[in-house]
Amino acid sequence: MFIDGKWVEFAKKSIAKSVADMLNGEQIGGKKKSAIYYDIWNIKYLTKFKWDDLTDEIAYKSAIREQKLNMVLSAAKREKDFYLSKVEKSLAMTEIDERMKKKRKIQEESGSNAEAAPVFFPHSDSLTSQSKPGLSTDVLASVFGGS
């Protein structure tokens with residue numbers, strides 16, 4: 001006979017059947033002050049059930065539990081990594097802002113302001129309005145008799 005928590009294994013099938021028939025539905029008993037005195041046995045003989053089936057089921061459930069635990073841990077790790085990356089980005093942005101403020105403060109103290117003097121570039125429109133290269137207006141006026 002082997003006992004494991006809620007399971008009992010007998011060496012002979014006939015003994016297991018007789019014990020199950022004899023104890024099923026009977027009062028557990030013991031001393032009247034006991035907490036389980038009025039409880040009732042609930043014993044069943046499981047046909048075509050082997051001990052290996054029970055251990056396989058326990059191993060399968062523990063493997064599933066382990067897999068779920070690994071999934072939860074990996075999800076928590078991903079969330080932690082995401083959070084830490086956002087914190088690092090935030091710290092980098094605050095450092096950049098502080099450097100920019102410090103640079104502006106130094107520029108204001110020195111009196112020069114780089115943003116006050118904008119740089120203008122000539123547009124292509126001004127290039128087309130220029131006269132074509134070639135004869136000047138003085139030469140043309142003398143040829144055609146202009147004054």
Taking atom [atom1] of [X] and atom [atom2] of [Y], what is their separation to the nearest 0.5 Å?
{"X": "Arg99", "Y": "Glu95", "atom1": "CZ", "atom2": "CD", "result": "6.5 Å"}
{"X": "Lys68", "Y": "Leu73", "atom1": "NZ", "atom2": "CG", "result": "14.0 Å"}
{"X": "Lys101", "Y": "Thr94", "atom1": "NZ", "atom2": "OG1", "result": "10.0 Å"}
{"X": "Lys32", "Y": "Tyr37", "atom1": "NZ", "atom2": "OH", "result": "4.5 Å"}
{"X": "Asp97", "Y": "Met100", "atom1": "CG", "atom2": "CE", "result": "8.5 Å"}
{"X": "Ile40", "Y": "Ile28", "atom1": "CD1", "atom2": "CD1", "result": "8.5 Å"}

Under 4.5 Å between any side-chain heavy atoms of Lys17 and Phe10, yes or no?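 Sidechains of Phe10 and Lys17: no contact.
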Flag side-chain contact, heavy atom, 4.5 Å: Gln27 against Tyr38: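 Yes, close enough: below the 4.5 Å cut-off.
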What verdict does the salt bridge (Lys or Arg N to Asp or Glu O under 4.0 Å) test give for Lys77 and Asp81, after you've listed the backbone C-alpha separation in whole Å, the side-chain angles of each residue and the deciding distance to 0.1 Å? CA-CA 6 Å; Lys77 185 181 181 298; Asp81 291 342; 3.1 Å; yes
Co-membership, hydrophobic cluster, residues [X] and [Y], 4.5 Å side-chain:
{"X": "Leu46", "Y": "Met22", "result": "no"}
{"X": "Ile15", "Y": "Leu23", "result": "yes"}
{"X": "Val8", "Y": "Val19", "result": "yes"}
{"X": "Leu91", "Y": "Leu84", "result": "yes"}

Tell me which one of Arg78, Glu79, Lys86, Lys80 satisfies side chain to side chain contact (heavy atoms under 4.5 Å, CB included) with Phe82. Lys86
Residue of the set Asp52, Thr47, Asp53 for which side chain to side chain contact (heavy atoms under 4.5 Å, CB included) holds with Phe49: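 Passing option: Asp53.
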Give the C-alpha distance, both sets of side-chain angles, the deciding distance and a yes or no for salt bridge (Lys or Arg N to Asp or Glu O under 4.0 Å) between Glu57 and Lys61. CA-CA 6 Å; Glu57 183 180 348; Lys61 285 183 179 181; 3.2 Å; yes
